[in-house]
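See below for the structure under consideration.
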Amino acid sequence: MKTRKPLPKKQNNALPLVSSPSIASLKHIALQEQRSKLPIAKGKDALIREFQEHDVTVLLGETGSGKTTQIPQYLLESGIARGGMIAVTQPRKVAATSLAIRVAAEQNVTLGTSVGYSVRFDERFSSETRIKYMTDGMIVRELMSDPLLSKYSVVIVDEAHERSLRTDLLIANLKTIQRQRNGFRDVKGKGKDKADAPNPLKIIIMSATLDAEKFGQFFSGAKILYVQGRQHPVKIYHSSQGQIDYVDAAMRTFYQIHTDYPPGDVLIFLPGQEDIESLERTIEMYAKQLPQDSLSVLICPMYAAQAAGQNSKVFLPAPPKTRKCILATNIAETSITIPGVKYVIDTGKCKEKRYLARNTGGGLDTLLTRDITQSSAMQRAGRAGREGSGHCFRLYTENAFKAMPLSAEPEIMRCSLSSSLLQLKCIGQDLEKLELMDQPAEESMKSSLIVLFLLGALNREKEITAVGRQMASFPLEPVYGRAIIASKDYDCVHEVLDIVSVLSASSKLFVESFEQRDAVSEARKKFRHVCGDHLTILNVVKAYQEIAQSEGKSDRKEWCRRHFLNERALLEASDIRDQLRQTCQRLGIDHSISCGDKEDPIIFSLGHGLAMNIALLQPDGTYKQTIGQSIVKIHPSSALCDKKTPAIIYDELVYTNQIYARGVSRIPKSFIITLGALKQQS
DNA sequence: GAGCACTGC
């Protein structure tokens with residue numbers, strides 16, 4: 001964290017709204033001073049020379065080097081970017097926006113002029129913009145309208161080591177784009193001369209140190225540079241033997257720190273909510289037995305599904321004579337930085353979602369606990385050294401650490417490819433032929449091709465169809481794009497958009513509360529629809545809209561709280577719905593068409609999208625897929641659990657200890673027959 | 001009758 005110089009109080013009071021020029025320039029001078037003190041500043045001239053000489057640079061460096069804020073400014077100030085834009089891509093929205101704010105301040109310009117950003121639902125840039133921070137998903141979307149990314153003279157891919165699906169797709173495309181834009185001559189002298197290239201592209205890949213070779217190999221001839229970070233030393237302790245019960249081991253290690261080490265907050269990494277809750281209970285139990293003169297313990301659980309506001313105490317300094325103990329999932333590894341942490345306890349475990357493709361089309365998600373990677377372990381340890389030297393206690397042996405894979409398997413190897421495959425088809429590319437850093441399994445590719453064929457997005461020649469093009473223009477999984485298109489024929493676009501936007505929001509609609517589970521299920525009954533979870537969602541959306549029309553903001557909040565609904569999910573869904581309505585308009589689909597109180601049209605529309613996700617009731621009460629033949633159970637959180645519905649459609653399958661179908665609705669058997677007949681015709 | 005890490009358009 002950077003500290004800002006305190007401003008003179010008097011002036012601050014005199015001008016509460018607009019800062020005077022003198023304050024602004026004071027601020028600017030302070031920022032310039034900070035800039036020059038960053039570790040990277042010493043190498044500025046050498047870096048600029050390297051960027052001038054090489055078309056691709058791989059920049060390796062730890063956190064705290066300032067590379068993400070400084071390099072774009074160096075490129076701009078040195079004229080390397082010429083007249084074009086510099087794109088800096090990030091895997092997360094918050095990072096993109098906060099970096100842009102920071103760099104605009106350093107450049108002493110208003111955000112949105114020469115420095116801007118672009119993320120979903122939020123953008124600040126203009127025709128003047130030269131440095132644009134953006135999410136990688138955003139620039140991948142831009143590929144569809146501008147396949148050569150001709151607006152950009154430099155593209156900087158930050159956090160490339162995370163290997164998100166979109167980062168990988170972007171890197172693959174950048175390589176081919178550069179070949180086209182920069183010109184090349186092969187050994188036989190064929191191709192263009194570099195000198196003829198009117199609009200060359202420079203690529204800069206930024207990554208953590210571990211994956212240097214991989215990027216170097218992919219971009220042959222790339223210059224690899226190292227920049228130093230600014231991290232305080234962290235002393236690492238491994239346990240002498242493997243721990244079977246890591247929750248118990250974490251508890252004992254915590255009390256060892258608590259009694260033997262000086263004040264400072266403790267951050268414990270655990271795989272999931274369940275372990276967090278159980279560790280919270282045991283730590284609290286022993287806290288009562290502490291001697292009176294010792295520090296008290298304040299436990300702060302932290303995970304994504306937590307109700308909003310619950311986790312705010314994490315960011316406040318610990319009260320006097322108190323040690324904060326933060327129990328967190330991976331959320332504290334990259335997404336959120338918690339101040340005051342001096343000790344880290346690392347269980348070495350995390351949960352990983354992995355998509356298993358099936359050659360019948362579609363597949364299922366597994367969500368299982370596994371060992372972390374070396375780079376993840378280093379990242380976790382680093383969380384103890386943000387503000388001063390720290391300590392990291394690993395609940396695994398040094399040999400176990402060495403046995404861990406270096407870094408996580410790229411996302412492209414463990415997720416459904418349908419959406420990306422379709423997007424690439426739109427710009428005439430084939431995922432199978434694209435030169436990627438890592439090639440996904442053939443099985444996964446085949447499965448996605450089948451899905452897209454069954455949805456009518458591709459024909460037998462694997463060419464994109466008119467329907468496929470429409471599906472690709474929705475920022476949704478292809479199945480839901482297909483449902484919207486079907487809803488046009490069933491006259492229920494309005495309702496399907498309402499449902500689909502909630503399904504694709506990242507926050508969950510229903511708040512989970514372990515302590516108030518009875519109250520939760522009672523509240524949920526009010527919205528429950530006999531047809532299942534999709535229409536239950538529609539009930540919630542309709543009820544919320546009614547409240548929103550008549551009540552103020554605070555009453556809406558209160559209403560959500562009373563019904564155990566996550567308002568964040570509803571607000572997010574409303575943004576998504578606006579975006580989907582715009583897409584409909586572009587495609588000439590009237591988004592206001594409604595089916596009123598009828599249910600079947602909605603179910604039929606969803607059925608067209610979820611045609612691969614149908615299962616039939618068996619005599620023993622379980623369900624059997626119509627495609628894939630797996631036995632699945634309806635998840636207990638579903639409105640249709642134990643309802644013995646003869647035939648169902650579902651949003652997804654998740655394997656934890658059993659295969660559960662989630663997001664379930666009743667579907668008439670006659671519809672399945674109709675669907676089969678339609679397939680025969682095509 | 002179960003339990004769900006994290007992103008993104």
Side-chain angles (χ1 to χ4, degrees), chain A residues 89-96 118-123 134-145 159 162-170 269-278 302-306 328-336 347 349-354 365-370 372 376 379-380 408 411 414-415 419-420 422-423 426 471-478 480-481 501 504-514 517 520-521 572 575-576 579-580 582-583 621 633-638 640-643 652 654-663:
Chain A
T89 74
Q90 294 292 323
R92 281 167 288 279
K93 292 207 276 193
V94 267
S118 171
V119 302
R120 192 185 190 186
F121 305 130
D122 190 12
E123 54 179 34
M134 58 207 295
T135 44
D136 43 22
M138 210 66 189
I139 201 167
V140 169
R141 269 278 150 181
E142 268 185 35
L143 271 175
M144 294 179 63
S145 54
E159 312 284 7
E162 287 187 22
R163 302 293 307 276
S164 78
L165 173 64
R166 283 157 291 272
T167 304
D168 273 18
L169 289 177
L170 176 61
F269 282 102
L270 293 142
Q273 183 180 347
E274 205 185 345
D275 287 329
I276 288 175
E277 279 167 357
S278 113
M302 196 155 162
Y303 46 87
Q306 219 173 12
T329 60
N330 261 355
I331 195 168
E333 198 180 297
T334 48
S335 305
I336 286 168
T347 58
K349 303 282 177 192
C350 68
K351 278 199 182 170
E352 188 187 66
K353 199 167 185 175
R354 177 173 281 272
D365 283 314
T366 62
L367 190 72
L368 302 168
T369 302
R370 58 161 287 167
I372 58 168
S376 177
Q379 181 77 21
R380 288 179 174 192
E411 192 186 0
R414 50 186 172 87
C415 71
S419 182
S420 310
L422 187 62
Q423 265 190 49
C426 268
M471 280 161 63
S473 37
F474 288 102
L476 292 169
E477 281 298 308
Y480 297 119
S501 41
S504 78
S506 59
S507 318
K508 265 183 257 170
L509 184 57
F510 295 107
V511 173
E512 297 289 331
S513 172
F514 192 76
R517 57 198 297 176
V520 171
S521 60
E572 206 183 322
D575 281 339
I576 295 171
Q579 203 182 26
L580 297 178
Q582 280 171 28
T583 311
K633 276 181 92 172
I634 295 179
H635 195 272
S637 66
S638 167
L640 290 190
C641 186
D642 294 331
K643 292 285 185 286
E652 57 175 359
V654 181
Y655 174 78
T656 48
N657 353 343
Q658 296 189 74
I659 303 176
Y660 289 108
R662 293 170 47 184

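Below, read A as the first sequence line, B as the second, and so on, with proteins coming before strands; counting in each chain starts at 1.
Contact annotation for A:Phe474: no contact, since no heavy-atom pair falls under 4.0 Å across all strands. Here A:Val140 lies out of heavy-atom contact (under 4.0 Å) with every strand. Using a 4.0 Å heavy-atom distance criterion, A:Asn657 is classed as a sugar-phosphate-only contact.
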Tell me, with the steps shown, if A:Glu123 and A:Met134 meet side chain to side chain contact (heavy atoms under 4.5 Å, CB included).
CA-CA 9 Å; A:Glu123 54 179 34; A:Met134 58 207 295; over 6 Å; no
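Summary of the strand contacts: A:Glu477 and A:Gly272 both lie near DNA chain B, and taking for each the nucleotide with the nearest heavy atom, the more 5' one is attributed to A:Gly272.
When rounded to the nearest whole Å, the span between CG of A:Asp575 and P of B:dG8 equals 14 Å. Atom CG of A:Asn330 and atom P of B:dA5 are 10 Å apart (whole Å). If you measure from atom CD of A:Glu274 to atom P of B:dC4, you get 7 Å, rounded to the nearest angstrom.
Partners of A:Gln658 according to the side-chain hydrogen bond (donor to acceptor under 3.5 Å, both in side chains) rule, which considers only residues two or more places apart in sequence or in another chain, are A:Tyr660.
Closest to the side chain of A:Arg166, out of B:dC4, B:dC6, B:dG8, is B:dG8.
The pair A:Arg92-A:Glu162 counts as a salt bridge, with a side-chain nitrogen and a carboxylate oxygen less than 4.0 angstrom apart.
Donor-acceptor pairing under 3.5 Å, judged by distance alone, is present between the side chain of A:Arg662 and the base of B:dC4.
At the phosphate of B:dG3, OP1 or OP2 sits under 4.0 Å from a side-chain N or O atom of A:Thr656. For A:Thr135, a side-chain nitrogen or oxygen approaches OP1 or OP2 of B:dC9 to under 4.0 Å.
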